[in-house]
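For reference, the structure is listed below as structure tokens.
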Protein chains: 2
Amino acid sequence: MANSIRDVASRAQVAVGTVSNFLNRPDRVAEATRKKIESAIAELNFVPNASARHLRSGSSRTIGLLVPDITNPFFTEVARGAGDTASENDYTLLLCNSDEDPKKEERHLKVLIEQRICGLLITPSFEGLAGVAELNRRNIPTTFIDRKAESLEQSSVSMDDFYGGKSAVKYLASLGHTSIAWVNGPLSIAQCASREDGVMDSAKEQNVKINKFQVNQMRSQNGYEVAKNILESSSQVTAIFCANDLVALGVLRALLENGKKIPTDYALIGYDDIGFSASASIPLTSIAQPAYKLGALAAQMIINEVENGKKFKHEQIVFKPELVIRASTQALRK
Amino acid sequence: MANSIRDVASRAQVAVGTVSNFLNRPDRVAEATRKKIESAIAELNFVPNASARHLRSGSSRTIGLLVPDITNPFFTEVARGAGDTASENDYTLLLCNSDEDPKKEERHLKVLIEQRICGLLITPSFEGLAGVAELNRRNIPTTFIDRKAESLEQSSVSMDDFYGGKSAVKYLASLGHTSIAWVNGPLSIAQCASREDGVMDSAKEQNVKINKFQVNQMRSQNGYEVAKNILESSSQVTAIFCANDLVALGVLRALLENGKKIPTDYALIGYDDIGFSASASIPLTSIAQPAYKLGALAAQMIINEVENGKKFKHEQIVFKPELVIRASTQALRK
DNA sequence: CGCCATGATTGAATCGTTTCGGTTTAATTG
DNA sequence: CAATTAAACCGAAACGATTCAATCATGGCG
């Protein structure tokens with residue numbers, strides 16, 4: 001049932017080496033033999049064994065993708081982009097989800113090394129750098145996604161979070177808002193920290209007041225809970241900017257439950273522009289990040305690096321996020 | 001850099017076979033040699049090569065999971081469940097997303113065969129059965145997810161869609177609704193067909209009237225669009241039941257935009273109970289499906305089948321979905 | 001017609017493991 | 001103390017592909 005290249009060779013009456021050539025450098029085999037081999041393969045239903053291939057050739061054509069939370073639509077899109085690109089280039093994508101658990105991350109990294117992946121795509125968490133060092137020691141090319149590499153020896157595809165934070169506040173200011181609630185995640189997450197820097201920078205420029213709120217995890221439920229604090233806070237906030245859409249959706253629900261009107265009572269902005277934001281009960285204004293493109297480009301870059309070896313030039317690509325205006329924001333009525 | 005079992009052996013002063021035993025049947029090697037090997041492995045930073053392992057042993061410890069739409073939170077959860085279970089049992093999960101495109105599905109199946117997966121988890125689409133037949137011919141165990149296997153030679157883990165459709169209508173009837181809009185996806189999808197059967201069956205029992213609506217794809221946008229038809233239809237529908245949550249969320253948005261109140265003007269029920277439903281602006285009543293469990297159990301079953309070979313008994317497991325009541329439904333006010 | 005260059009084909013060696021029959025060592029027994 | 005047995009260990013062969021030096025055909029050219 002499991003046919004080998006040898007079976008094909010003997011059926012087509014050629015040497016195994018020729019079959020291998022047919023598979024890998026078809027131009028080197030003559031038309032006639034090509035035909036013979038083709039039909040032998042078809043008759044035997046032969047499919048090459050990737051493991052044997054990899055073992056002998058030394059290159060695995062498998063790239064690993066390690067994400068912290070596959071449940072977050074942002075990463076789902078990243079994975080889709082990376083998967084499609086890998087597939088188009090005849091690479092296999094091995095998707096691992098660490099659920100933000102360092103133990104799981106460790107285990108996945110081990111598996112990826114066992115599989116001898118030729119490259120790794122990873123969104124490093126704060127603690128996740130130990131495992132990456134291990135990969136480095138083994139000379140496995142690694143590309144960061146959504147986090148800028150600090151070394152020039154390392155590629156990354158990330159977003160300009162400072163710019164994103166800044167442009168949201170700038171936009172709100174242009175609508176006339178002067179007191180804004182800023183709901184951020186843990187500052188230990190690089191993205192959160194940068195967005196906050198952008199927020200504060202713009203606040204100074206535009207002369208608006210920022211009320212900071214914190215959330216431990218960036219999920220909907222956390223937004224729902226923190227909304228109470230915003231409502232109870234004495235300040236007369238007129239706009240709310242959340243560090244991601246999940247949190248914003250949670251805030252939105254809490255506000256509506258409390259009889260608030262969006263965007264009249266509060267303007268609301270999220271971040272990521274996940275699919276659900278456009279179809280929320282009140283479509284959410286958001287800072288869009290091209291997640292699919294991030295994944296696709298990162299995959300393309302790691303493939304280039306794998307294939308071009310030493311002469312590959314590492315790049316740190318930074319995209320600018322884009323403000324997408326929807327129904328959850330409008331000019332402040334005096 | 002890439003150390004082999006041979007390097008370990010020579011450094012620990014033992015034979016390669018002994019190192020292999022250490023790796024696979026540690027009980028067979030004496031305490032003293034075990035220690036030597038352990039430290040050799042640590043010093044060399046040795047990690048076994050999965051490809052070589054697989055090639056020689058013949059069994060790959062890789063299971064494939066082919067889903068039609070990884071963007072749908074239902075499948076994301078399935079994948080998470082399957083991935084965790086695989087991981088716990090030292091299997092590797094190869095996740096493939098076909099985006100409901102037969103071409104992509106075909107290509108993924110090819111890759112999975114090249115990888116010589118030891119088992120496949122799949123949610124077969126209407127057309128996707130050709131590829132599965134190919135897997136069968138190669139004696140690769142296959143387990144269906146969210147679709148009952150028609151053959152007793154095949155395992156499956158699925159949901160009782162008839163029951164789900166039925167219980168939603170029954171519940172709405174108990175609230176006093178007698179005219180219900182039923183928004184279904186394509187009947188060519190088995191799940192949709194069964195749910196509709198359940199709906200109609202219950203309608204007859206409870207003596208309520210069903211207005212059928214159709215949607216081509218089961219995404220939020222489609223729900224948003226079909227809502228207009230519901231509003232324009234002459235009948236005095238008081239409740240709306242959608243074949244999945246994404247569609248229901250789209251309907252919800254359209255209704256709110258048109259000034260309708262939920263649940264007073266319309267009661268609304270979805271299906272799947274994805275995470276976003278609980279945190280929608282108006283939390284959605286839904287028919288919950290244990291997606292994570294589905295994936296986890298399917299993975300466990302295929303692992304059992306792989307490991308127990310012939311003496312494995314195929315099972316068709318069917319879960320009953322569960323009604324989860326939230327704010328989007330309430331008793332009809334006369 | 002012989003010589004060469006070129007292109008096509010061959011097949012043995014190899015990748016890093018597991019497997020398994022054979023050998024060594026140590027302990028037990030009569 | 002020789003014989004027996006069991007536990008550890010050894011190491012060559014094999015898994016299915018790729019590689020590459022060597023060989024074979026073919027045709028062009030002087």
Side-chain angles (χ1 to χ4, degrees), chain A residues 1-38 40-41 44-62 90 92 111 113-118 138 307, chain B residues 1-38 40-41 44-62 90 92 110-111 113-118 138:
Chain A
M1 200 75 353
N3 286 308
S4 82
I5 208 182
R6 235 170 223 97
D7 302 315
V8 174
S10 79
R11 179 167 254 263
Q13 315 231 57
V14 298
V16 292
T18 306
V19 178
S20 179
N21 277 336
F22 169 85
L23 256 22
N24 302 297
R25 312 184 231 9
D27 48 300
R28 293 224 187 136
V29 354
E31 184 60 23
T33 40
R34 192 178 319 181
K35 286 233 177 84
K36 282 194 296 180
I37 296 177
E38 256 163 11
I41 286 180
L44 293 175
N45 236 294
F46 167 80
V47 176
N49 180 322
S51 290
R53 222 165 193 184
H54 164 209
L55 175 59
R56 174 60 238 234
S57 73
S59 74
S60 71
R61 294 192 87 78
T62 296
D90 285 316
T92 301
V111 169
I113 293 177
E114 284 179 356
Q115 299 288 336
R116 297 293 192 269
I117 53 168
C118 60
R138 289 175 191 271
E307 293 183 351
Chain B
M1 200 73 356
N3 286 307
S4 82
I5 210 182
R6 236 173 220 99
D7 303 313
V8 174
S10 80
R11 179 167 253 263
Q13 316 231 56
V14 298
V16 293
T18 306
V19 178
S20 179
N21 276 335
F22 168 87
L23 257 20
N24 302 298
R25 313 186 232 6
D27 48 298
R28 292 224 187 134
V29 356
E31 184 61 20
T33 40
R34 192 178 320 181
K35 286 232 177 83
K36 283 195 295 182
I37 295 176
E38 256 162 12
I41 286 180
L44 293 175
N45 236 296
F46 167 81
V47 175
N49 180 321
S51 291
R53 223 168 192 181
H54 164 208
L55 175 58
R56 174 59 238 226
S57 73
S59 74
S60 73
R61 295 193 85 78
T62 296
D90 285 315
T92 300
K110 173 99 179 294
V111 168
I113 294 176
E114 284 180 356
Q115 299 288 336
R116 298 292 192 269
I117 53 168
C118 61
R138 289 175 191 272

### Message
If you compare all heavy atoms of A:Phe46 against all heavy atoms of A:Ile5, which two are closest, and at what distance to 0.1 Å?
### Response
CE1-N, 3.6 Å
### Query
Tell me: CZ of B:Arg6 to P of C:dT17, nearest whole Å?
9 Å
### Distance in angstrom units between B:Asn3 CG and C:dT17 C1', rounded
14 Å
### Query
Between atom CD in B:Glu31 and atom P in C:dA26, what is the gap in whole Å?
17 Å
### Rounded interatomic separation in angstrom, taking CG from A:Leu55 and P from C:dT14
14 Å
### Summary
Contacts of B:Arg116 and B:Ala30 projected onto DNA chain D by closest heavy atom; the upstream (5') one is B:Ala30
### Task
Strictly below 4.0 Å, heavy-atom distances to any atom of DNA chain D: list the hits from residues 13-26 of chain A, or just say none.
A:Gly17, A:Ser20, A:Asn24, A:Arg25
### Query
Are side-chain heavy atoms of A:Asn24 and A:Arg53 found at a separation under 4.5 Å?
yes
### Which atom of A:Gln115 lies closest to which atom of A:His54, heavy atoms considered
O-CE1, 3.7 Å
### Query
Starting at CG of B:Asp7 and ending at C1' of C:dC15, how long is that distance when rounded to a whole Å?
13 Å
## Note on the structure
note: B:Arg28, atom CZ; C:dT18, atom C1'; distance rounded to Å ~ 12 Å
### Message
Please confirm whether the shortest side-chain N or O distance from A:Thr33 to OP1 or OP2 of C:dT9 is below 4.0 Å.
### Response
yes
### Query
So B:Asn45 and A:Arg138, side chain to side chain contact (heavy atoms under 4.5 Å, CB included) or not? Walk me through it.
CA-CA 10 Å; B:Asn45 236 296; A:Arg138 289 175 191 271; 3.2 Å; yes
### Minimum side-chain heavy-atom gap A:Asp7-A:Ser4 below 4.5 Å
yes
### Task
For B:Ala12, enumerate each residue passing the side chain to side chain contact (heavy atoms under 4.5 Å, CB included) test, keeping only those at least two apart in sequence or located in another chain.
B:Val14, B:Lys36, B:Ile37, B:Ala40
### Task
Look at the side chain of B:Arg56 and the base of C:dT18, then say whether one donor and one acceptor between them are separated by less than 3.5 Å.
yes
#### Entry: Greater than 12 external heavy atoms within 6.0 Å of A:Gln13's CD
no
### Message
Side-chain N or O of B:Arg53 versus OP1/OP2 of C:dT18: is the shortest distance under 4.0 Å?
### Response
yes
### Message
Just verifying a value: how many Å separate B:Glu31 CD and B:Arg34 CZ, rounded to the nearest 0.5 Å?
### Response
5.0 Å
### Message
For a 4.5 angstrom cut-off between non-hydrogen side-chain atoms, does A:Arg116 reach A:Thr62?
### Response
no
### Message
Whole angstroms only, please: what is the CZ-C1' distance between B:Arg61 and C:dT18?
### Response
14 Å
#### Entry: Nucleotide range of DNA chain D lying under 4.0 Å from chain B heavy atoms
D:dA8 to D:dG16
